[in-house]
Amino acid sequence: MLKGKTIVVGVCGGIAAYKVVDVVSRLRKQHAQVHVIMTEHATRFVAPLTFQSLSNNPVVTDMFAEPKTWDVEHISLARKADMMLVAPATANIIGKVANGIADDMLSTVIMATTAPVLFVPAMNYAMYENLVVQENISKLERFGYRFMEPDTGVMAAEGESGKGRLPEPEKIVQEVLKTVTVDQDLKGRRILITAGPTREPMDPVRYISNHSSGKMGYALAEAAAGRGAAVTLVSGPVNIQKPENVSTVDVTTADDMLEAVLARQADQDIFIMVAAVADYKCASIADKKIKKTQDRFTVEMVKNPDIAKEIGKIKGNRILVGFSAETNDLESNARSKLDSKNLDMIVANDVTQEGAGFGTDTNIVKIIRKDGTINEFPIMSKLDVAREILDEINKLMVNG
Ligand code: C5P
């Protein structure tokens, strides 16, 4: 399956380095060309000769050593790679790449490549949970670097249990396959995504809104653009970075969002409504700041337009996907939204579950299709959830 693919494997200095020997051997069995770069610390755990024999290529350890052949220098490896796998990825390499430090061969090649890079972190659980490490991972994910979640279990070195173990080699190879074979399966498709909250003003200084962070919609936009789609992202006010290669339209209220969506709907093939649109807006907006003169204060609110429903009325045979954030009766609530809004698919999540819903980097979802079939997914990063949703949309387009 990996014939003709070149995979550059970066091995860092962690006890789990020995497991990567098996990963390299499996990649070779799949007929990949493998080049291993080891950090200096990695060479204390596994001898470079082991990787050299298995990969059938010289192992690069030192940036300033005489190259074995002039072809094997950092730029050449960076260019040659169809993807890079960094395993075990230590807090150190993650921190270096997240901060633009390229002070050895591995960090330099990671920085110089334009190929997808998959990090497989493995470290002590407290280190993995350290906010500095988590922040670096989030930053790199935003920039399009991929991460595998470490396994939970007893750590080789400490005998303690926690999240930080390197996943089994077979799982890593599966992920490599997914990364390297991501093709442009959405090329030529035009996708409109709504994301984030809306803000409904009360007076010139106050508004009513919700906790939506925009992360799920932005992850979808990024993943869809990476697969070749022309993506328009209509976004409410959020504090996250705009995805690359996506045309973003900033809006504030539900009315603005509807207007922006309707103005662009004719050109789209697929709609994914992720925005947490406020259901109600203030019946009137005070033109001056409301003073605290009364003990009780009542705001009259009126219903906002339902953007997904409006698109449902005019979509024809184009695909419309909705989201359903629920606190109870997840499936039945999601199904009735699917029907009432004329959706082809709904992504349901119980926002009361830990690791799901607003603000988190992960989500736990069920994808329910119009024909009643349901796919349930475990907790995964929002980027991985996005990939699964796009896979489902692709299946719908192929199978109808
Ligand atoms: O009805 P509810 O808000 O739970 O429906 C959620 C789905 O409908 C989401 O896909 C959301 O983006 C969309 N929606 C919308 N306009 C609204 C309310 C919800 O597009 N006013």
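Nothing here was measured: the structure is a model prediction, and the numbers come from that model. In each ligand, atom 1 is the first atom listed, and ligand 1 is the first ligand listed. All values below come from the heavy atoms of this structure, side chains included, with hydrogens, waters and symmetry mates left out.
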Exercise. Classify the ring geometry between Phe119 and Tyr145 as parallel (under 30°), tilted (30 to 60°) or perpendicular (over 60°).
Key: tilted

Self-check item: Any N or O of Pro305 closer than 3.5 Å to N or O of ligand 1
Solution: yes

Exercise. Note the single closest protein heavy atom to atom 17 (C) of ligand 1, along with its residue, its atom name and the distance in Å.
Key: Val277 CB, 3.4 Å

Quiz item: So, is Met273 polar-close to ligand 1, with some N/O to N/O distance under 3.5 Å?
Solution: yes

Quiz item: To the nearest 0.1 Å, how far is atom 13 (C) of ligand 1 from its closest protein heavy atom, and which atom is that?
Solution: Ala308 CB, 3.8 Å

Self-check item: For atom 16 (N) of ligand 1, closest protein heavy-atom neighbour
Solution: Ile307 N, 3.0 Å

Self-check item: Full working for salt bridge (charged side-chain N to carboxylate O under 4.0 Å, His left out) between Lys370 and Asp344
Solution: CA-CA 5 Å; Lys370 200 161 56 176; Asp344 296 280; 3.2 Å; yes

Quiz item: Which protein non-hydrogen atom lies closest to atom 12 (O) of ligand 1, naming both residue and atom, and how far is it?
Solution: Ala275 O, 2.7 Å

Quiz prompt | Ala276 N/O to ligand 1 N/O under 3.5 Å | solution = no

Quiz item: If you round to the nearest 0.5 Å, how far is NZ of Lys337 from OG of Ser332?
Solution: 10.0 Å

Quiz prompt | Whether over 12 other heavy atoms sit under 6.0 Å from Glu170 CD | solution = no

Practice problem: Could you tell me whether Lys163 and Glu149 make a salt bridge, using a distance below 4.0 angstrom between a side-chain N and a carboxylate O? | Solution: yes

Quiz item: Are side-chain N/O atoms of Ser213 and Tyr218 paired as donor and acceptor at under 3.5 Å?
Solution: no

Quiz prompt | Residue and atom name of the nearest protein heavy atom (relative to atom 1 (O) of ligand 1), distance in Å to one decimal | solution = Lys341 NZ, 2.9 Å

Quiz item: Closest non-hydrogen protein atom to atom 6 (C) of ligand 1, residue and atom name please, with distance?
Solution: Phe323 O, 3.0 Å

Quiz prompt | Nitrogen or oxygen atoms of Lys337 and ligand 1 under 3.5 Å apart | solution = yes

Self-check item: Option set Asp306, Val347, Ile346, criterion heavy-atom distance to atom 15 (C) of ligand 1, minimum
Solution: Asp306

Exercise. Any atoms of ligand 1 less than 4.0 Å from a non-hydrogen atom of Gly322? List them with their elements.
Key: 10 (O)

Quiz item: Going from CG on Asn92 to CG on Leu106, what distance comes out if it is rounded to the nearest 0.5 angstrom?
Solution: 10.0 Å

Quiz item: How many angstroms lie between CE in Met216 and OG1 in Thr360, if you round to the nearest 0.5 Å?
Solution: 10.0 Å

Quiz item: Do Asn57 and Gln52 have a side chain donor and acceptor closer than 3.5 Å?
Solution: no

Exercise. Provide, to 0.1 Å, the distance between atom 3 (O) of ligand 1 and the closest protein heavy atom, together with that atom's residue and name.
Key: Asp279 OD1, 3.9 Å

